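Lettering of chains follows the sequences in order, A, B, ..., and the numbering in each one begins at 1. Every value quoted in this text rests on a predicted model; they were computed, and no experiment measured them.
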There are 2 protein chains.
Amino acid sequence: MKSPAARKLTPQETEKLSGNCLTVKFKKGDSIIKQGTYSTNVVYLKRGLVKIHIEGPYRVQVVRIVRPPSYLGLPTTFGDKVNHYSVSAIEECEVCFIDITTFRTLLSTNSDFSNQILIELCKGELESYNKCVNRTQKQVRGKLADMLIDFSDNIFRADSFVLNITQEDIGNLVDASRESVSRVMTEFAKDGIIEMNGKSLTITDRPMLNNISRNG
Amino acid sequence: MKSPAARKLTPQETEKLSGNCLTVKFKKGDSIIKQGTYSTNVVYLKRGLVKIHIEGPYRVQVVRIVRPPSYLGLPTTFGDKVNHYSVSAIEECEVCFIDITTFRTLLSTNSDFSNQILIELCKGELESYNKCVNRTQKQVRGKLADMLIDFSDNIFRADSFVLNITQEDIGNLVDASRESVSRVMTEFAKDGIIEMNGKSLTITDRPMLNNISRNG
DNA sequence: GTAATAATGTGACATAAATCACAATAATAG
DNA sequence: CTATTATTGTGATTTATGTCACATTATTAC
């Protein structure tokens, strides 16, 4: 249950962190970090999936889905006094609110830890560059294929999973309208690429999905 | 000429950095960091503008324009062994190649420095989130207005500046075709929002530009 | 200074996907 | 269990912008 960064901490530091942090449960839909409010905490996600989302000029943009274990809100907490994005639970979640001062102390005293945090931030930025390129250059089929691959490989780590988000959310994640998402998903199902019943989804033709991701 | 992070260094550290770094000049169009090659250096941009760009599935995406002083390639150097994006000079540039080991040592010994680097990374990530939202949600007029405002406020810090990039580059920066860029720019000029002759451009109606950025 | 190449301007046309409209189904609350 | 609300499916229509084609103007190279 420890993130790569958390593994760099000494037992004493881990102890200190646990003492200075507040564990809270959130249920589906609850807001964990809210855009526009003061950013005073780093959030450590222990259990449950969350979505990071930004209020765009016309609609909400879902930046990404994050699985535990992970630190949430680093860019928004260190980058500005005010949160630039929101984080919400998409299923029951358990998180730790870590006081920013405690976190800063750890960063300055444990260079292995701060190095690991730096690496994770860098990876996040690279990923966001890539996601943005895909979002702006591919068309809906390709973007949805990308999303399904990402879910299967990185978020759920399985070919079958339960999609706890609405098609509108999916649309906001891949930059497409709710209707287009619906159309393409049924198309995928008809073509035998995925199987859906209710909220659960199985990828049945992964090679084809890879192909659509590349050429769609 | 020092970045906020560089100001956190002690005179000895600055000395050590200068000793372990190689100053190189690049001319317009030259590649400073190349996507796909091994990432072994952090680059400190001393003089000249550069563009960060990524090879997308169909065309190049210009991620952003960066002005000195600035560290380049932090995400791509710390995030992976291989560069995930390219950096090219858009005018004559002077840069320092800093060996990654030297840079790592600085990070682990000077926590003020590493904290400042962390902050800059976070700001970069927030900015890239915002840029992506704008790119995907606004239409061409709005995106171009955004770009002009960004150039005027952050890059050139003046109402008049010389645009050393082609309309194709602009298109790749704001996600539009070269032709659309041409059409909208002449439209802006016709409407008295900007004045262009050759490569030099002046913003003449900033309020209108802000307005287009908000509603376009 | 002239040829060759690159960059820009503009019209006509094609097209992916948004929007609108409404029916059908699922989820939630009382 | 029924009513209400949220979510999904699907057709018809509209629209912003990409693509193609070609003329015009800069820029670069020899």
Neighbours of DNA chain C within residues 159-166 of chain A, by heavy-atom distance under 4.0 Å: none
Taking atom [atom2] of [N] as reference, at what distance in whole Å does atom [atom1] of [X] sit?
X	N	atom1	atom2	answer
A:Glu168	D:dT5	CD	P	18 Å
B:Asn197	D:dT27	CG	P	11 Å
A:Leu144	C:dA16	CG	C1'	14 Å
A:Gln137	C:dA16	CD	P	17 Å
B:Met196	D:dT25	CE	P	15 Å

What residues, two or more places apart in sequence or in another chain, satisfy side chain to side chain contact (heavy atoms under 4.5 Å, CB included) together with [X]?
X	answer
A:Ala158	none
B:Glu55	B:Gln35, B:Val60
B:Pro57	A:Val133, A:Asn134, A:Gln137, A:Lys138

Contact list (N/O, under 3.5 angstrom) for nucleotides 17-20 of chain D vs protein:
residue, atom, partner, partner atom, Å
D:dT17, OP1, B:Val140, N, 3.0
D:dG18, OP2, B:Ser177, N, 3.1
D:dG18, OP2, B:Ser177, OG, 2.9
D:dG18, OP2, B:Ser180, OG, 2.5
D:dT19, O4, B:Arg183, NH2, 3.0
D:dC20, N4, B:Glu179, OE2, 3.4

Listing request: all ring-ring contact (aromatic ring centres under 6.0 Å, His included) pairs with a residue in [range], at least two apart in sequence or in separate chains.
range	answer
residues 170-214 of chain B	none
residues 129-153 of chain B	A:Tyr85-B:Tyr129, B:Phe151-B:Phe156
residues 26-59 of chain A	A:Tyr44-A:Tyr71

Residue pair A:Leu72 / A:Val42, side-chain heavy-atom distance below 4.5 Å: no
Is A:Asp175 paired with A:Lys143 through a side-chain N to carboxylate O contact shorter than 4.0 Å? no
Sequence neighbours left out, what pairs pass side-chain hydrogen bond (donor to acceptor under 3.5 Å, both in side chains) with at least one residue falling in residues 183-211 of chain A? A:Arg141-A:Glu187, A:Asp153-A:Arg206, A:Ser160-A:Thr202, A:Asn197-A:Ser200, A:Arg206-A:Asn210, A:Asn211-A:Asn215
Distances for protein N or O near nucleotides 24-30 of chain C N or O, under 3.5 Å:
none

Going by the rule side chain to side chain donor-acceptor pair (under 3.5 Å), which residues pair with A:Ser152 if we only count those two or more places apart in sequence or in a different chain? none
Applying salt bridge (Lys or Arg N to Asp or Glu O under 4.0 Å), name anything that partners A:Glu91, two or more places apart in sequence or on another chain. none
On the nucleotide C:dG9, are OP1 or OP2 found under 4.0 Å from the side-chain N or O atoms that B:Gln167 carries? yes
